[in-house]
*Asks:* 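Below is one structure. I have some questions about it.
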Amino acid sequence: MTAPVNFLSSVWTIAIYTWREGIRKKVLIGFLILSILVLFGAQFMTAFLTVPRSAGELETSIDVQLKMVKDICVTVISIFGALIAIFISASVVPSEIENKVVYTVLSKPIRRFQYLIGKFLGVQFIIIVNLALMAGLFFVALWVKEGVLPTLLLWSALLTYFEFLIVSSFTFAVSCACTSAVVPTILGLFIYITGNLTEYLKDVERRSGQTALWLDEWTGKLARWLYLTLPNLKHFSLKTQILFLEPNDPPRDVQMMALVIYALVYALAGYIIAYWVFRRREM
Amino acid sequence: MKRPASNLIFSLVVVGVLCLGAFQGRRVADLRESDAFYRWILTAAKLAPLGELEDLTPEPNAPDMKDDELFEAVVAVTENLLPEPAATDEDRDGEGGLYPKLVRHVYNDDQAADVLIWKLASGDSLEAARKEFLDYRGKGQLFSLGTQFDPAAMYASKEGSPVSLSNLFLGFRIMAANLVWLKVDQFYHQGMLHRMLPLMDVCVRLDPHFVDAYKVGAWYLAYNITAHMLGTPEPLKWWDEKHSAWVGEKEEYYYRGVDFLLDGIRKNPRDSSLYFDLGYMIYFIKLRDYANAARYLGNALQYEHEIFVRRMYNHALMRSGQYEKSLAGWQDYLEKFPEAKTADVARRYIEINQGLIFERDAEEAKARALTLDGEEGKAAEEEAERLYQEATRVWEKLRDEEQEPYAIARFNRAKALKYWEQKRYHEAVAILDMARYDSNDFWDEASNMIIAIKQEADMPLTLSEKLAVKRQEEAEAARKLRQQKSQE
Amino acid sequence: MSAVIETEALTKVYEGAVKGQDVHALTNLSIKVDEKEIFGYLGPNGSGKTTTIKLLLGLIFPTAGRMKILGSPDIGARAVRTNIGYLPEGAYYPEFLKGEEVLSFYGHLYGMTGRDLKTRIDRVLDVVGMSRARKRTVRGYSKGMRQRIGLAQALLSDPQILILDEPTTGLDPIARKEIRDILASLRDQGKTLLISSHELLEVELISDRVGILSEGELQACGKLTDLLSDRDTEIEVSGATPDALTRLAEAGIRVGDQVDTKASLRVPGEVPLYTAIERCKAEKLALVSVSPQRETLEEFFVRIIGEDEEKRRTSQ
């Protein structure tokens, strides 16, 4: 067998194994069931909340209800999807170190580089399948409810995946330096939340410099630097559009390719850090 | 076993890739900003002819609004770069001046021009304006900000400070708005208006694109709340600087509804139903300000709209005396929807407008005749007579064929006028008194005419007529007094 | 015979959080493991056995020193890794996989596929005696079965070298015996085995050579016959009185266990056996048995460690 084939087949084996092991994690299944429950529950919940009092209100309340269903579903997909992505990225490597499978795997003729790619790919499979499950369910529900193919949702799911890709790659990088999943999970959540609040930094920058204090000024500078370098996950959200555009409208105001490249570059950075940390890591 | 060299390489690579990411992020953000700018240009171009870009009523503590200034700067640049747009009949403002090319392009809804405007908005030529735009946006100095689909703009829009209410809900902001709305509804049904009003505000702050909240909210303000109020007597009304109108308690709520809808329009400038509700539900029905009604209904037509919007627009045009436009509107309507159930209405109103044009022209000719002597005067008088007859023929036709009440009323009005002219006062009054019951729309006009005739003929007024005259006088006096006061 | 595993002044220091708290896990370790031998690697817990193994497998990195496996200094090279089978201590195998699936997973990592892999899995399952349990999931395996699956995965690539970390720890005596038999048969097939253990009996029974490790330093290394003295003799007597035993001890005979009047006496090599028997006769002791004794590894171990500690104490 030639070297590249060997290389890829090992990576693939590890990825598949990671995926098979990952989807059995109880926490993950719990999140998935919970999110599916909420996706279904949203229908009933909103129907209950928006009982029309008169015929005239019916139209409005149907509209409000649909919007709430969409809102809940999009939010649930993004939050639970992120939780799953973070949890799984945070745990694959530490749990394997903990149960010592890593010893038997790394003593085989594979390089750490391959091992890490395999693990990372496996994590991505899990994230993609989970996202596809949740988005697919919502897609069908919306299709049935509105009668048109909600293609906008597919675009949104695609972008959401790339958002998760960034979060998961950095969480993964942190996890490569840790012996348990707790620290990387917390940091992953932190990355997710910070990434979504990057716009705040701009505000911090704008508000700083109002006093002559050097601390104030430097806070502004720091905020500017962080704003420039931290990934801005808000870019990947199509929620407003899903709520306010027609379900089969093309996405507006979104530079799909630019965003995909954006996500890939950050994911690459995450992976390089992961390898950097893991390369000389002592098991 | 440290390997400083490889660590150095790794850190350099990581920094490099992060820089690449930051660069790409910058690109995305730039595109986003250009996009926000582009959308603002479109919105501003839409709002400019409506006079909505001027901040007429600056609030004491609010920052200085720059919409007008910025738009002028944009127009100054684009005027030379945009090609001449195709001519339409909406090219000119009230004084006959041609709108800037940008505005005309946007009103033409020209796809090719949209592409061009996007290129300009994202290109170098408007860079200075774009920077200003971002600066103003950051400082909340643009009230016309097209916040649709631009989280950054929404974030930094003038509505409250960003680190506040709307962000507390993180992902569920819009859902929160919906829940708040349900609460608004509940308070309304419990009659707790004092609780409902602030919540309405919170609701649209949470979700500035909640169009239904704007619509239903304005309807609450203009209809449900005012339904139980008594009209404020004229002398007790006060001058509302912001809306240049004398307002009482009811009117104040009407104007609150107007402001609420205007806010909604700023946030959702491309939603037809908001313009419609503002034009028809409030200006037309409640305030009977037909000029404004026609203006906003005209705007509603710019965007995807329901078929009745056109009809209401034509009605408003007629009521505000723009008969030719109304006539053309109805003809257009008939042409576009010949199969519609309302085609009959269109036909009828084409005739009515025709009749009204004759009437108006006749009255103008008559007024001219009074100022002219000799041959010219005579010619004018004949002209007036001819036009009156034309009008009467229209009314007769409508009366006989359609039993159109408005036509009957107009017919009788013409008759009454004739009697009045011949000083046959009692007959004139009798006819008007009867005619005003034919058509609602004629009631006020007929009543006023009756009072005028009676005063001229020194006939005794009825009690209600006396009251009306008295109110009118009191109102006049009060207004004069207030004007004097305000001048001092 | 050429050395398949060779270390030279191998040193591993775990840096502590505070300076001066460094842990010297391994100091200047130089060992050679020859082809086709079973090398017993002995030492109490925490003596550095597992550290050495991890170093050899590239799981951790040496602070100083060199290693060569199969003559190659690049221990991560494919050719080297393919020729090492490793059974870690108490490793976990994915519970949800069947025995053969575990092996198939590891086989893929070796780059084996298709028929090759299948025949190889059949073969190793046969070797470790797990053919019947191959379709069961790991969840249902006993500890011994898990250890056998571990052994099977180590054997998958038919490696020249097997590194086994505590292979029999925690198993019942029968399972130990079975594992030991498998290991012996592997040596007979010409494999080189490096077995670490803190249980000396296990290693004693099958090792050709041993290395003894204490506190990160190699204390002794060599053939069992070289390391152990075999000149002692044990005499079992009955009817012993304490006085008699004291006198015997004075004559240079070590007194071992005593039960009632029975006692076992140890005659060191320098005391002639006949002299000892004469003395027993003189004390009127009944002779129960006389057997030549080889020093057990355990005793050796205690001795070596004891000497080491003594040395340490005196040097301080």
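Lettering follows sequence order; numbering is per chain, from 1. FYI, side chains are in, hydrogens and waters are out, and symmetry mates aren't considered; it's all heavy atoms of this structure.
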*Asks:* For B/F308, look at atom CZ and say whether over 12 heavy atoms of other residues, nucleotides or ligands are found less than 6.0 Å away.
*Replies:*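 More than 12 heavy atoms, drawn from other residues, nucleotides or ligands, come within 6.0 Å of this atom.
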*Asks:* Select one option (side chain, backbone, both, neither) describing which atoms of A/Y262 are under 4.5 Å from chain B's heavy atoms.
*Replies:*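 Both backbone and side chain of A/Y262 come within 4.5 Å of chain B.
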*Asks:* Inspect the surroundings of CD in B/E304 and state if more than 12 heavy atoms from other residues, nucleotides or ligands are less than 6.0 Å away.
*Replies:*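 Count not over threshold, so no.
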*Asks:* Assess whether atom CH2 of B/W118 is packed by more than 12 heavy atoms of other residues, nucleotides or ligands within 6.0 Å.
*Replies:*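 Yes - once you tally the heavy atoms of other residues, nucleotides and ligands closer than 6.0 Å, there are more than 12.
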*Asks:* What distance separates B/R32 CZ from A/L259 CG, expressed to the nearest 0.5 Å?
*Replies:*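 Separation between the atoms: 6.0 Å.
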*Asks:* Do B/N7 and A/R279 get their side chains close enough for a donor-acceptor pair, meaning under 3.5 Å?
*Replies:*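 B/N7 vs A/R279: donor-acceptor pair found between side chains.
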*Asks:* Would you say the side chain of B/S11 lies within less than 4.5 Å of the side chain of A/W276, judging by non-hydrogen atoms?
*Replies:*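 When only atoms from C-beta onward are counted, B/S11 and A/W276 do touch, with a gap below 4.5 Å.
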*Asks:* Checking B/Q24 side chain against A/A258 main chain: does a donor-acceptor pair fall under 3.5 Å?
*Replies:*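 At least one qualifying donor-acceptor pair exists.
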*Asks:* Given the options B/A213, B/G16, B/G21, which has more heavy-atom pairs under 4.5 Å with chain A than any of the others?
*Replies:*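 Most heavy-atom pairs within the cutoff with chain A belong to B/G21.
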*Asks:* Any chance CZ of A/R281 has more than 12 other-residue heavy atoms, nucleotides or ligands included, within less than 6.0 Å?
*Replies:*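 Yes, enclosed.
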*Asks:* Kindly check if the number of other-residue, nucleotide or ligand heavy atoms within 6.0 Å of CZ (B/R26) is above 12?
*Replies:*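 Yes, because the 6.0 Å sphere around CZ of B/R26 holds more than 12 heavy atoms from other groups.
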*Asks:* So which heavy atom on A/I272 is nearest to which on B/V13, and how close?
*Replies:*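 Scanning both residues, the minimum pair turns out to be CD1-CG1, 3.6 Å.
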*Asks:* Roughly how far, to the nearest 0.5 Å, is CZ of B/F23 from CD1 of A/I261?
*Replies:*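 Going from CD1 on A/I261 over to CZ on B/F23, the span is 10.5 Å.
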*Asks:* What is the distance from atom CG of B/L18 to atom CG of A/L268, rounded to the nearest 0.5 Å?
*Replies:*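 Going from the CG atom of B/L18 to the CG atom of A/L268 covers 9.5 Å.
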*Asks:* Once you measure the plane-to-plane angle for B/F10 and A/Y275, does it fall in the parallel (<30°), tilted (30-60°) or perpendicular (>60°) bin?
*Replies:*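 If you compare the ring of B/F10 with that of A/Y275, the planes turn out tilted.
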